[in-house]
Amino acid sequence: MHNKTLVELAKGLESGEFSSEEVTQHYLDRIERSADSLNCYITVTPELAIQQAQAADQRRANGEAGRLTGVPIAHKDIFCTKNIKTSCGSKMLDNFVSPYDASVVVNCKQSQLVTLGKTNMDEFAMGSSNETSYYGSVKNPWNVERVPGGSSGGSAAAVAARLAPAATGTDTGGSIRQPAALCGITGLKPTYGRVSRYGMIAFASSLDQAGPMTRTAEDAALLLNVMSGFDEKDSTSVDSPVPDYTASLHHSIKGLKIGLPKEYFDGGLNQGVASVIDDAIKHYQSMGAELVEISLPNTKTAVSTYYVVAPAECSSNLSRFDGVRFGHRCESPKDLEDFYKRSRGEGFGPEVKRRILIGAYVLSAGYYDAYYLKSQKLRRLISDDFKQAFQDVDVIMGPTSPTTAFKFGERMEDPVSMYLSDAYTIATNLAGLPGISIPAGFVDGLPVGLQIIGNYFKEAQLLNVSHQYQRETDWHRKAPVMDIL
Ligand code: GLN
């Protein structure tokens with residue numbers, strides 16, 4: 001049962017082969033049996049899940065079922081979930097039970113999806129390895145000595161290990177695509193504004209975007225249908241109609257123009273990963289696509305630009321966590337200053353503090369022009385690179401991550417090496433473009449992700465291009481072997 005995709009689960013539910021309660025119980029049993037040895041979940045919600053599953057079965061019996069009624073999923077713990085702990089991977093919110101649902105969660109509930117629980121993540125989504133989580137790091141199901149990627153590492157590992165058939169994630173600089181690549185699943189970051197950010201705890205508001213994490217592109221299309229749409233509660237939500245993302249999956253990709261940015265195949269790219277990506281691109285060529293060498297000349301500035309913009313926005317967003325209204329509050333403060341200092345000092349981990357410091361620094365009066373303003377100019381140049389490229393090509397392809405999953409501890413002492421994990425994903429966020437990572441092969445038993453970047457609101461095309469590859473390959477069907485299960 002747990003090897004079934006969303007599409008297969010939906011079919012089985014529709015034909016009455018099994019009920020939502022059975023599927024949900026099956027997943028809850030797996031989570032329990034594994035004692036979540038991978039540490040994918042921060043919170044599991046079995047009672048709620050069974051209750052939702054029974055309600056879904058009832059809806060189906062009444063003839064009111066939708067396409068995904070009764071299918072279980074997991075939510076990254078960055079999404080507010082009513083009456084359920086919402087920690088964002090931080091001690092700061094360890095005691096926070098949200099009084100409302102994020103719009104993504106509301107959308108999932110309206111489509112009668114079942115919530116299995118909340119997945120582990122880097123603290124406030126800052127990280128590329130899940131090692132910054134207050135709840136301990138998540139293990140990569142392909143090799144438990146290695147990181148699952150981050151920040152949506154819990155979602156990625158849960159889907160890969162069949163501890164959830166699908167999950168939600170968020171991506172500010174690569175946090176859906178990079179863990180998807182490192183865990184061998186499919187992860188889509190939509191165009192900025194496509195999915196509502198309401199109730200999604202903000203890291204860097206101009207970059208954050210939620211998206212589906214699934215085994216296949218077809219499943220991602222189904223889940224994106226549910227997640228997307230205009231939301232008046234999010235002022236950056238885009239008011240344009242949501243197409244049915246499953247409708248164009250079968251279009252032929254003959255004549256598709258694929259741009260290969262030479263900057264994405266530079267010296268920083270691991271050789272094994274390069275050769276897997278090369279094979280995937282050749283496969284596309286054999287399917288009738290045309291390859292075009294392109295250049296995105298400002299690529300090398302993307303990571304440094306991001307590490308000014310993202311910390312600047314985070315220092316502002318995280319100022320709300322002051323111990324007054326919610327979250328961690330220190331014991332017996334001496335005075336107001338002590339109260340703020342210790343509440344924040346105790347509540348946040350080292351990476352979050354580093355970002356707040358950098359952000360406050362680059363926004364300060366003396367340095368604003370030199371750093372923040374300059375980063376905004378670079379951001380424009382980075383977007384212009386893509387604009388230029390999309391005049392000649394339909395999609396852009398390259399590796400999602402420069403390496404496969406790395407070992408725990410390997411990059412924690414050197415933040416810059418950690419930051420470079422997102423060298424190929426970050427520019428997409430700065431430009432607001434959609435990108436997907438799909439499984440494309442293995443190096444030494446560890447999955448490799450192929451990244452496909454599309455023009456604004458071309459999610460349907462990205463899913464189509466991904467699905468056509470998945471029809472002819474079976475990398476996305478491979479599952480890690482886990483003794484415990
Ligand atoms: N790894 C990047 C960071 O640490 C991106 C995180 C994300 O996309 N949320 O900021």
Side-chain angles (χ1 to χ4, degrees), residues 75-79 88-90 119-133 137-138 147-156 167-183 187-190 192 195 197 200-213 302-315 317-318 348-359 362 375 379 400-403 405-406 410-412 414-437 449 451 453:
H75 287 299
K76 183 176 180 179
D77 208 18
I78 198 168
F79 293 99
C88 218
S90 181
T119 58
N120 203 345
M121 56 180 283
D122 277 301
E123 185 176 8
F124 285 103
M126 298 172 198
S128 305
S129 67
N130 239 277
E131 290 167 290
T132 72
S133 169
S137 38
V138 176
V147 305
S151 64
S152 313
S155 289
T168 53
T170 64
D171 192 313
T172 304
S175 280
I176 287 177
R177 290 159 290 157
Q178 186 256 16
L182 271 45
C183 289
L188 171 73
K189 172 218 160 318
Y192 183 78
V195 177
R197 290 184 299 110
M200 188 175 116
I201 296 171
F203 162 11
S205 312
S206 76
L207 302 163
D208 298 342
Q209 186 61 200
M213 301 181 76
V303 171
S304 14
T305 302
Y306 172 89
Y307 279 97
V308 173
V309 175
E313 294 185 21
C314 109
S315 74
N317 273 326
L318 270 58
F348 292 135
E351 183 60 28
V352 173
K353 286 179 187 159
R354 180 175 10 248
R355 307 262 180 129
I356 293 174
L357 286 174
I358 297 172
V362 300
S375 74
R379 187 173 182 176
T400 304
S401 160
T403 65
F406 44 95
E410 211 174 286
R411 299 188 189 168
M412 278 305 264
D414 178 5
V416 175
S417 76
M418 185 71 88
Y419 296 171
L420 288 171
S421 312
D422 297 316
Y424 305 133
T425 48
I426 268 178
T428 326
N429 299 73
L430 289 165
L433 291 165
I436 191 168
S437 179
Q451 181 176 214
I453 300 168

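Start at 1 and go down the list; that is how both ligands and their atoms are numbered. For the single chain, residues carry numbers from 1 onward in sequence order.
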Check: Arg177 side chain, Thr425 main-chain N or O, donor-acceptor pair, under 3.5 Å: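 Yes, because the side chain of Arg177 sits within donor-acceptor range (under 3.5 Å) of the backbone of Thr425.
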Whether the side chain of Asp122 engages the backbone of Glu131 through a donor-acceptor N/O pair (distance < 3.5 Å, no angle test) should be reported.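 Checking the backbone N and O of Glu131 against the side chain of Asp122, a donor-acceptor pair under 3.5 Å is found.
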Under 3.5 Å, is there a donor-acceptor pair between the Asp171 and Ser152 side chains?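 On atom types as modelled, these side chains do not qualify, holding no pair under 3.5 Å.
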Applying a heavy-atom distance cut-off of 4.0 Å, which protein residues contact ligand 1?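 Contacts of ligand 1 under 4.0 Å: Ala125, Met126, Gly127, Ser128, Ser151, Asp171, Thr172, Gly173, Gly174, Ser175, Phe203, Tyr306, Tyr307, Arg355, Asp422.
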State which residue, out of Ile358, Val352, Leu357, Ile356, fulfils the side-chain contact (heavy atoms from CB on, under 4.5 Å) condition with Arg354.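 Checked Ile358, Val352, Leu357, Ile356 against Arg354; only one passes side-chain contact (heavy atoms from CB on, under 4.5 Å): Ile358.
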Side chain to side chain, Val147 and Glu410, heavy atoms closer than 4.5 Å: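 No; the side chains remain at least 4.5 Å from each other.
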Taking side chain to side chain donor-acceptor pair (under 3.5 Å) as the definition, give me every residue that meets it alongside Asn130, ordered by chain and number, with sequence neighbours left out.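 By the side chain to side chain donor-acceptor pair (under 3.5 Å) rule, Asn130 matches no residue at all.
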